[in-house]
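Beneath this line is the structure, given in structure tokens, with notes to follow.
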Amino acid sequence: MKFGINRLTFSWLVLLVLTVAGAFIAERVEVSTLIVILVCSTIVMKGVMVIEHLMGLRSALLGIRWAMLSYFFILPSMIALSVLFPEVLAGLTSL
Amino acid sequence: MAASFGAALLESESALDQDLAVPEAAKASKETPGNMAVWVLIYAELFEFALFFIAFLIAKSHYPVVFSEGPLQLNTFAGTANTLVLITSSFFVARAMAAIKSGKRHECLTWLWLTLAAGSVYCGIKGWEYSWNEAAGIGARRNTFFTLYYYLTLNHLLHVLIGMCTILFVTIRTHMDIYDATNFEGLESAALYWHMIDLVWIIIFPLLYVLR
């Protein structure tokens, strides 16, 4: 099956849809564990799409590509953990 | 004799592996956009923002009520619109790169001007959002959430302005016929910097506007 749009355009459209979904969550849905995981997953998806398709790092040197990708795996995980377990982070960072 | 034959075979296989490995590495290096200098800059900027995000998360864990109420008072429409605009600008600059690589200089210029237009729209929306905040009595000194909100968003806005100056510079150079299908490293580096700005906003938007 051949789509009438190229990979760049497809990535852009997916990114727009994910952003609008995030905005819908912000306005209408009460934040729960599932929502936090969902929102952080969309950060990962959007980051990976920009890095792989828009920046064009899909076939780049592994070191450069993975340094960028790991940023989008580590930070959203940290965000999810800190939102889900704030008291643990507060305990770890209290003097 | 069998042992020496085996050793010779292993040696020849190893040499073959090296022959195959070198072109692969060279190919990956050739397909890596930008130069080392721009990657060092991008990693430094991302590291700087990562420290801001960690500081934000720590503050959030210490002041849960303030950080829970803060996002509800922000203009989600402005945040969403800016995300859509920045993602679109990233798409424009990626199209500009695809065009110059195909030798389509005029098409590349169109996409670059669109990128600059999107950057200007982002700045306009951000200005409107700040004035909307002011009208609602929201200032940087109101509480820790808004101090960090202004610090993060103003810092990001500064990067957008720097990125716009860079894109304008490479647009002028493209007009001057400096870049073509074989020489586009400067343009590519500017495009990578612009994508980095988009990547940072992809984290800022849910952190400030969505998660509470």
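Every chain is numbered from 1 and lettered A, B, ... according to where its sequence line falls, protein lines coming before strand lines. A quick note: this is a predicted structure, and the numbers were derived from the prediction, not measured. In what follows, every heavy atom counts, from backbone to side chain, and hydrogens, waters and symmetry copies are set aside.
- Counting only heavy atoms from C-beta outward, the side chains of A:L75 and B:F53 approach each other to under 4.5 Å.
- The contact between B:A50 and chain A is made by backbone and side chain atoms together, counting heavy-atom distances below 4.5 Å.
- Interface remark: B:L72 contributes no atoms to any contact with chain A (heavy atom separation under 4.5 Å).
- Contacts between A:V36 and chain B at a heavy-atom distance below 4.5 Å involve backbone atoms as well as side-chain atoms.
- If you tally non-hydrogen atom pairs under 4.5 Å between each of A:V39, A:V83, A:I74, A:L92 and chain B, the highest count goes to A:V39.
- Contact detail for A:G22 and B:V210: the closest heavy-atom pair is O-CG2, 3.7 Å.
- In terms of modelled atom types and a separation under 3.5 Å, the side chain of B:Y209 and the main chain of A:A23 share no donor-acceptor contact.
- With B:T83 contributing its side chain and A:T19 its backbone, the two residues share no donor-acceptor pair below 3.5 Å.
- Under the 4.5 Å side-chain criterion, counting only non-hydrogen atoms from C-beta, B:F49 is in contact with A:Y71.
- Interface residue A:F72: only side-chain heavy atoms are found under 4.5 Å from chain B.
- The shortest heavy-atom contact between A:L54 and B:F91 is CD1-N, 4.1 Å.
- Between chain B and the options A:I51, A:V88, A:L57, heavy-atom pairs under 4.5 Å are most frequent for A:L57.
- A:W12 CH2 to B:L84 CG: the interatomic distance, rounded to the nearest 0.5 Å, is 10.0 Å.
- Ranked by heavy-atom pairs under 4.5 Å with chain A, the first of B:I203, B:L46, B:T76 is B:L46.
- Of the atoms belonging to A:V29, it is backbone heavy atoms, and not side-chain ones, that fall under 4.5 Å from chain B.
- Among A:V20, A:I64, A:I35, A:L18, the residue making the largest number of heavy-atom pairs under 4.5 Å with chain B is A:I64.
- Using a 4.5 Å cut-off between heavy atoms, A:S11 does not touch chain B at all.
- Looking only at heavy-atom pairs under 4.5 Å with chain A, the residue among B:H195, B:R95, B:M196, B:K60 that has the most is B:H195.
- Interatomic distance, CE of A:M78 versus CG of B:L57, reported as 6.5 Å (0.5 Å rounding).
- The SG atom of A:C40 sits 5.5 Å away from the CG atom of B:L211 when rounded to the nearest 0.5 Å.
- When atom types are taken as modelled, the side chain of B:Y43 and the backbone of A:A67 share no donor-acceptor pair closer than 3.5 angstrom.
- Note that the CD atom of B:E188 and the CE atom of A:M55 stand 10.5 Å from one another [nearest 0.5 Å].
- Side-chain atoms of A:T42 and B:P206, non-hydrogen and from C-beta on, never get closer than 4.5 Å to each other.
- For B:F205, the part lying near chain A is the side chain, with the backbone staying farther off; criterion is any non-hydrogen pair under 4.5 Å.
- The NE2 atom of B:H62 sits 6.5 Å away from the CG atom of A:L89 when rounded to the nearest 0.5 Å.
- Rounded to the nearest 0.5 Å, atoms OG (B:S61) and CG (A:L81) are 12.5 Å apart.
- Residues B:I42 and A:M68 have side chains in contact (heavy-atom distance under 4.5 Å, counting atoms from C-beta outward).
- Among all heavy-atom pairs drawn from B:P33 and A:A60, the shortest one is CD-CB, 4.3 Å.
- Residues A:L16 and B:T88 meet the side-chain proximity criterion, which asks for heavy atoms closer than 4.5 Å.
- Counting heavy atoms from C-beta on, the side chains of B:I87 and A:K46 come closer than 4.5 Å.
- At a 4.5 Å heavy-atom cutoff, the contact between A:I43 and chain B is made by backbone and side-chain atoms alike.
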